[in-house]
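These notes concern the structure reproduced below.
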Amino acid sequence: ELWKTDGTADGTSIVKDIYLGGNANIGKVVNMDGTIYFAGTDGTNVTNGRELWKTDGTAEGTTKVKAVWQGGQFGGPSNHLKVVGKKIYFSGDDGTNGIELWESDGTENGTTMVADINPNGSSNLYGLSDINGTLYFGANDGIHGWELWRTDGTEAGTNMVKDIRVGENSSLSWGSTAHWHGEYTLTHGSHFYFSADDGENGEELWRTDGTELGTELLVDVHQGENGSWPWWLTIVGDKLYFTAWDGDQRQLWYYWDNPGPVLS
């Protein structure tokens with residue numbers, strides 16, 4: 001269930017027993033303008049399908065925002081929630097369009113699907129990230145495989161950034177269940193950093209400024225078609241640190257955009 005704490009034992013308590021006699025299966029928790037939003041289930045959806053909830057920290061103020069799929073199996077978000085400006089973006093399934101990109105302003109009427117990216121199935125979006133008010137994520141439109149997308153919150157403004165691995169094969173894999181052991185994406189400054197496979201250099205470090213021309217291979221650690229699988233991306237100062245496989249072992253690497261003079 002959902003709990004809260006002020007950092008003391010006495011100040012740690014349950015907010016609300018959302019699913020009486022069951023497990024509310026709380027997912028990711030985010031804060032938008034002082035209101036906490038999270039994924040949870042009250043048991044009304046079969047197989048514990050989670051929906052979008054919000055709370056002000058009281059039992060009375062803990063309510064479901066909207067049942068995206070009435071009585072359905074999935075409905076609202078799992079662990080994919082991202083606040084961008086005054087909106088919360090999440091993956092949702094209304095039972096008709098599959099798992100697609102949704103947004104919410106915290107009200108039932110203001111919770112709607114942004115775009116049906118894959119008209120013939122689910123786009124299965126992952127890796128929601130914010131760069132200067134624009135949402136970036138990985139999605140599969142059913143034609144180009146799983147690639148990098150962006151949205152401004154409108155259907156017309158939801159587009160693939162670049163078909164990195166041209167054709168139906170996917171360039172991205174950091175959203176798959178087989179690759180959760182590491183951070184595969186990072187936002188820093190005006191760029192979004194991520195690992196991708198263009199079909200020629202293997203899984204390597206890429207970045208984008210949101211344009212097709214500004215989407216580029218940054219570091220090819222493991223030369224050739226075998227990738228280095230960069231993980232654990234993090235920024236310290238003005239350097240991007242990550243681990244990468246060089247063909248012999250996994251090492252700590254860094255990328256410096258403006259190294260200045262090299263001193264021996």
Side-chain angles (χ1 to χ4, degrees), residues 27-32 77-85 87-91 101 123-140 145-153 158-165 170-198 201-222 226-246 249-260:
K28 188 171 183 178
V29 178
V30 296
N31 183 338
M32 185 172 72
S78 51
N79 282 320
H80 310 296
L81 281 78
K82 188 68 179 180
V83 175
V84 181
K87 295 289 184 67
I88 298 172
Y89 292 91
F90 62 93
S91 57
L101 179 65
S123 65
N124 291 320
L125 55 124
Y126 289 95
L128 280 63
S129 300
D130 172 25
I131 304 180
N132 300 325
T134 298
L135 181 75
Y136 289 78
F137 57 96
N140 187 342
W146 207 60
E147 297 289 348
L148 183 65
W149 285 66
R150 58 177 287 174
T151 184
D152 61 4
T158 303
N159 303 288
M160 183 173 63
V161 176
K162 182 176 183 176
D163 188 9
I164 294 174
R165 188 166 186 171
S170 302
S171 71
L172 306 183
S173 60
W174 30 263
S176 66
T177 56
H179 301 106
W180 281 120
H181 49 298
E183 294 297 330
Y184 285 78
T185 67
L186 179 76
T187 58
H188 178 60
S190 60
H191 285 89
F192 177 63
Y193 296 83
F194 59 99
S195 62
D197 184 351
D198 61 4
N201 298 287
E203 191 87 8
E204 296 290 351
L205 183 63
W206 285 65
R207 76 173 179 183
T208 183
D209 61 3
T211 67
E212 184 174 2
L213 289 177
T215 303
E216 59 183 350
L217 173 65
L218 200 59
V219 182
D220 188 5
V221 172
H222 192 180
N226 295 315
S228 67
W229 295 93
W231 298 337
W232 302 112
L233 278 62
T234 187
I235 293 290
V236 179
D238 55 358
K239 295 179 181 178
L240 169 66
Y241 288 86
F242 60 98
T243 71
W245 177 262
D246 62 6
Q249 56 186 319
R250 183 164 287 277
Q251 302 269 25
L252 180 64
W253 287 69
Y254 72 82
Y255 173 80
W256 198 1
D257 208 16
N258 297 295

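Put simply, the side chain of F192 reaches to within 4.5 Å of the side chain of L148, judged on heavy atoms. Two residues are said to be in side-chain contact when any heavy atoms from C-beta on lie closer than 4.5 Å; R165 and D197 meet this criterion. Within the 4.5 Å cutoff, the side chain of W206 has heavy atoms near those of the L217 side chain. Counting heavy atoms from C-beta outward, V84 and L128 have side chains that stay 4.5 Å or more apart.
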(request) Report the C-alpha separation of L205 and L240 in whole Å, then their side-chain angles, then the decisive distance to 0.1 Å, and conclude whether the side-chain contact (heavy atoms from CB on, under 4.5 Å) test is met. (result) CA-CA 11 Å; L205 183 63; L240 169 66; 3.7 Å; yes
(message) For a side-chain contact (heavy atoms from CB on, under 4.5 Å) check, start with the C-alpha distance between S173 and W229, then their side-chain angles and the critical distance, and finish with the verdict.
(response) CA-CA 10 Å; S173 60; W229 295 93; 3.4 Å; yes
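Taking each heavy atom of N140 and W146 in turn, the nearest pair found is N-CD1, 3.4 Å. Minimum interatomic distance between L172 and S195 (heavy atoms only, all atoms of both residues): CD2-O, 3.6 Å. Looking at every heavy atom in both residues, M32 comes nearest to V83 through CG-CG1, 4.0 Å. Pairing each heavy atom of P230 with each of F242, the nearest pair is CB-CD1, 3.8 Å. The shortest heavy-atom contact between D246 and H222 is O-CD2, 3.8 Å. Residue E204 comes nearest to D220 through the heavy atom pair OE2-OD1, 3.0 Å, listed as atom of the first residue, atom of the second, then distance.
E216 and R207 are joined by a salt bridge, as a carboxylate oxygen and a charged side-chain nitrogen come within less than 4.0 angstrom of each other.
Within the cation-pi definition used here (under 6.0 Å to the ring centroid, within 45° of the axis), R250 does not qualify as a partner of W232.
Ring planes of Y193 and H191: tilted class, angle from 30 to 60°. The aromatic rings of Y254 and Y241 lie tilted to each other, with the angle between the two planes from 30° to 60°. Taking the six-membered ring where tryptophan is involved, the planes of W149 and F137 are essentially parallel, since the angle between them stays under 30° and well short of 60°.
S228 contributes no side-chain N or O that, together with a main-chain N or O of A244, makes up a donor-acceptor pair within less than 3.5 Å. A donor-acceptor pair is defined here as one N or O able to donate and one able to accept, closer than 3.5 Å; no such pair exists between the side chain of W245 and the backbone of N226. For the pair E147 (side chain) and V161 (backbone), a donor-acceptor distance under 3.5 Å is absent.
Each of T185, L135, T134 was compared with S129 under the side chain to side chain contact (heavy atoms under 4.5 Å, CB included) criterion, and only T185 meets it.
Counting heavy-atom neighbours within 6.0 Å of L213 CG, excluding the residue itself, gives a total of 12 or less.
Side-chain atoms of D257 and Y255 form a donor-acceptor pair, as typed in the model, at a separation below 3.5 Å.
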